[in-house]
Each structure stands twice: as C-alpha cells, then as structure tokens.
Amino acid sequence: MSGYIGSSGVCGEDVTILRTFLNADGGFVSGVALAETIGVSRVSISSRIHNLELAGFKFSAIRNKGYRLEQEPTELHDSLLEAYLINNHVNVSVFSYKEIDSTNSEAERLIADGRDTPFVVFSTRQTAGRGRKGRCWQSQSAQNLYFSFAFRPQLPPSRMTKFTLWMGVALCDLLDETWGIPARIKWPNDLLCNGRKLAGMLTEARIDTDTMRDIIFGLGLNVNSQLTDFPEELRGIATSMRDISGKTFSINALAASVIQCLLKAYDDFIGGAFEAVLKKRWIDYDCLNGKRVKAETATGKLYGIVAGLNEDGSLAIVGEDGVKIALWAGDVSLTTQGVQ
Ligand code: BTN
C-alpha cells in the first residue's frame with residue numbers, strides 16, 4: 001500500500017501546478033509565473049515538470065511562452081485527481097493507492113482506525129476486489145475505477161434500505177447527463193448498458209443495535225478498458241464507457257466528477273430529499289420492470305414478472321400464482337422460463 005494523499009498536502013505543489021494547467025484550459029503557462037505562485041525557482045519548476053512527465057503527463061515547451069499540458073496520464077494520478085477535486089470545489093479526504101487488496105476492506109480498516117468521514121479510498125488496481133456474495137471483481141486493469149466511500153450515517157438501518165439504489169440512480173443521471181452513457185439499473189446493485197455490465201456497487205455496513213454506525217459504498221466502474229482487457233469469460237457480459245461511446249475519458253476528471261456526484265447523493269439521501277426523485281427516476285432506469293425473471297434466493301428459485309420497486313426498496317415480483325412477492329436479496333436474471 002502506498003501513495004496516501006488525503007489532506008496531507010505532501011503533493012501540494014504539484015497540485016498547484018496542475019490546477020494552473022487545468023485553469024489555462026489547453027493554453028500556455030509561463031514557467032516564471034508558476035515559479036512565483038509556488039515560491040520556488042524556475043529550475044525547480046522544470047524539474048517538477050520533468051517528474052510529472054515521468055508519471056505519464058506530456059507537456060510542450062516554447063521559449064517565452066512557457067509550458068502547455070498536452071496529455072494527462074491514462075491512470076489515476078493522486079495530485080491530478082486532487083487538482084480536479086479542488087477545481088470542482090470538492091473538499092474530501094482521499095486515500096489513494098497504486099495497489100491494494102480491496103478499497104472496501106481498506107475503508108473498513110481506516111474506519112476502524114477512527115478516521116473522520118466522509119472519505120474516499122481509490123486504488124489503481126485491486127488484488128482481491130470483491131462483489132456481492134463474495135464474488136470476485138476483476139480489478140487488474142488500471143483503465144477502470146475502483147473506489148469506496150465511507151460514511152457514518154447514525155440512522156436506523158430501516159432508513160438505509162434504498163441507499164444503494166439511490167446511489168445507482170445518481171450515477172445513471174451523471175453518466176447520461178455528462179457523457180451521454182445510457183446506463184440502467186439492474187436491482188439491486190448492477191449498472192448495465194446494452195444488457196452488459198458497466199459497473200457494480202457493493203454496500204457494506206456495520207450496525208450497532210438500532211443504528212447504522214458506518215456504511216461503505218464501493219463502486220467498480222469500467223471506464224477505458226477494451227473488451228480484450230477483460231478475462232475471456234467476461235467479454236460477452238461486460239462493457240465499458242469506452243466500449244459504449246468509442247471515446248476515451250480523462251480518468252482523473254471522471255473520478256472527480258463521480259466523487260462530487262456521490263457525495264452530493266449521500267447528502268440528499270441523509271437529508272431525505274431523494275425520495276420523490278428516486279420514485280420517478282426508478283421508472284426511467286429500472287431495466288427489469290415488466291420483465292419475466294428468475295430470482296434465486298437463499299430459500300430457492302422463483303419465477304415471476306417484475307412489478308417495480310416497493311416503498312422499502314425491495315423488488316416487487318408477481319409470481320406464477322399471481323401472488324406479489326417482495327424480494328429483499330438474491331440474484332435476478334431475465335428468463336423465458338416460468339410464467340406462461
Ligand atoms: C458486484 O457487482 O457484485 C459489486 C462489485 C463492486 C466492486 C467494487 S470495486 C471497488 C470496491 N472494492 C471492492 O472490493 N469491491 C468494490
């Protein structure tokens with residue numbers, strides 16, 4: 001584990017340099033002005049620019065004009081991410097790693113250490129990324145995002161039942177409005193596009209008798225990977241933002257937007273402002289509504305037709321006998337079997 005940035009300020013000067021380039025919006029930035037802003041020599045600026053180049057940035061330099069940022073690194077870069085966050089007016093502690101077992105596990109450890117919430121944990125790769133029911137989440141590609149948000153809601157668990165669904169709705173809004181990606185939610189934790197998996201959400205919580213003490217929301221979002229980057233068994237069922245749009249995305253800018261969106265979504269959730277929006281948006285984003293499904297639960301299989309979301313966030317299914325069932329947990333898949 002390495003590369004914690006958080007609010008440590010360790011990379012503060014790089015952050016200032018990078019913010020200056022972002023604000024220049026593709027224009028030239030004078031080395032003299034940078035040196036004055038940071039209070040270091042021109043030589044020191046050129047050595048920092050050189051170090052940034054080693055980390056994957058590309059700059060052009062013209063005498064009397066200065067430097068221009070030509071290309072960002074294709075992987076998550078902690079100072080660049082922080083620069084984007086500050087420019088978006090987002091103030092949150094970020095713990096950033098090159099490689100870690102699981103960002104959800106690291107968030108758990110940081111919570112156990114008594115860190116203030118909210119905070120975000122990012123990793124370029126995970127060695128033991130996990131999904132629901134202990135399934136593995138492929139996390140070898142640095143072209144995708146793996147991150148976890150930690151909160152201490154201090155609310156009764158009954159108030160949190162729609163939390164993952166709401167975060168999914170907020171993500172669908174962001175993906176559609178900002179990048180034109182038409183994602184849909186497959187209850188309870190998948191984001192799909194064209195029937196393929198674009199993202200997975202994993203919410204894990206610790207409950208003290210009647211209070212949800214902490215909650216960790218993990219997100220794996222396939223951004224710039226190509227289908228050939230996925231293991232063979234996933235190529236037929238996975239997709240990425242690049243696969244859908246044919247474009248590659250600035251992974252750092254995108255990560256900052258997702259953080260901003262999800263922090264706001266959490267505030268709206270806790271403040272209760274989400275209820276009316278969720279009801280309306282669920283209809284737009286639910287990819288199971290009216291579909292014939294097979295639900296596999298701890299107690300067995302059942303077939304039926306999905307009839308929307310219940311008030312408590314459970315999935316309403318009308319079974320083969322016409323009886324409405326509320327599904328709380330389990331795997332749901334489309335099927336042609338069962339109800340005739
Ligand atoms: C699922 O589809 O079952 C949920 C997948 C969630 C994967 C993310 S990646 C970041 C975070 N860390 C993990 O170990 N899992 C979540």
Side-chain angles (χ1 to χ4, degrees), residues 1 75-76 81 94-112 117-151 163-172 175 183-193 195-206 214-225 229-231 233-234 236-241 251 254-255 258-259 261-263 265-266 285 287-288 295-298 315 327-333:
M1 300 174 204
E75 296 187 5
L76 218 51
L81 173 62
V94 178
F95 297 86
S96 171
Y97 304 89
K98 286 280 171 228
E99 187 170 282
I100 205 161
D101 51 355
S102 148
T103 54
N104 267 36
S105 301
E106 178 62 2
E108 256 174 62
R109 292 187 286 263
L110 291 165
I111 285 231
T117 54
F119 63 78
V120 182
V121 180
F122 258 99
S123 187
T124 303
R125 292 186 177 80
Q126 298 181 115
T127 53
R130 61 174 184 270
R132 241 170 26 110
K133 301 184 168 173
R135 289 176 191 136
C136 152
W137 183 261
Q138 276 298 328
S139 315
Q140 282 315 301
S141 171
Q143 304 302 308
N144 299 327
L145 289 177
Y146 317 104
F147 53 170
S148 301
F149 292 72
F151 305 102
F163 178 68
T164 311
L165 304 177
W166 172 245
M167 295 299 252
V169 162
L171 277 165
C172 284
L175 287 164
R184 295 288 174 266
I185 305 174
K186 177 170 166 283
W187 185 97
N189 70 320
D190 289 343
L191 293 195
L192 306 185
C193 199
R196 288 163 172 259
K197 189 145 166 168
L198 174 66
M201 303 177 282
L202 178 67
T203 304
E204 296 176 315
R206 207 161 42 156
D214 27 74
I215 193 161
I216 294 167
F217 173 79
L219 176 70
L221 174 62
N222 299 332
V223 179
N224 285 328
S225 58
D229 296 333
F230 289 106
E233 67 274 16
L234 295 183
I237 54 174
T239 189
S240 68
M241 292 176 68
I251 200 152
L254 194 136
V258 173
I259 291 178
C261 160
L262 293 180
L263 290 175
Y266 176 80
Y285 291 141
C287 68
L288 293 176
E296 291 175 88
T297 70
L315 192 69
L327 193 72
W328 273 103
D331 285 328
V332 182
S333 52

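When reading the values below, keep in mind they use all heavy atoms of this one structure, side chains included, and skip hydrogens, waters and symmetry mates. First listed ligand is number 1; within each ligand, the first listed atom is number 1.
Qualifying salt bridge (charged side-chain N to carboxylate O under 4.0 Å, His left out) partners for Arg130, counting only residues two or more places apart in sequence or in other chains: Glu108, Glu204. Among residues two or more places apart in sequence or in another chain, the side-chain contact (heavy atoms from CB on, under 4.5 Å) test is passed with Ala199 by Leu191, Leu219, Leu221. Residues satisfying the side-chain hydrogen bond (donor to acceptor under 3.5 Å, both in side chains) test with Ser240, not counting sequence neighbours, are none.
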Quick one: table the atom pairs, ligand 1 N or O against protein N or O, below 3.5 Å, distance rounded to 0.1 Å.
{"residue": "ligand 1", "atom": "2 (O)", "partner": "Lys197", "partner atom": "NZ", "Å": "2.6"}
{"residue": "ligand 1", "atom": "3 (O)", "partner": "Arg132", "partner atom": "N", "Å": "2.7"}
{"residue": "ligand 1", "atom": "3 (O)", "partner": "Asn189", "partner atom": "ND2", "Å": "3.3"}
{"residue": "ligand 1", "atom": "12 (N)", "partner": "Thr103", "partner atom": "OG1", "Å": "3.1"}
{"residue": "ligand 1", "atom": "12 (N)", "partner": "Gln126", "partner atom": "OE1", "Å": "2.9"}
{"residue": "ligand 1", "atom": "14 (O)", "partner": "Ser102", "partner atom": "OG", "Å": "2.7"}
{"residue": "ligand 1", "atom": "14 (O)", "partner": "Arg130", "partner atom": "N", "Å": "2.8"}
{"residue": "ligand 1", "atom": "15 (N)", "partner": "Arg130", "partner atom": "O", "Å": "2.7"}

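Contact annotation: the side chain of Ile100 approaches that of Arg109 to within less than 4.5 Å [non-hydrogen atoms, C-beta and beyond].
Using cut-offs of 30° and 60° for the angle between ring planes, the Phe147 and Phe122 rings count as tilted.
Side-chain contact of Ser141 with Ser225: a donor-acceptor pair under 3.5 Å is absent, judged by distance alone.
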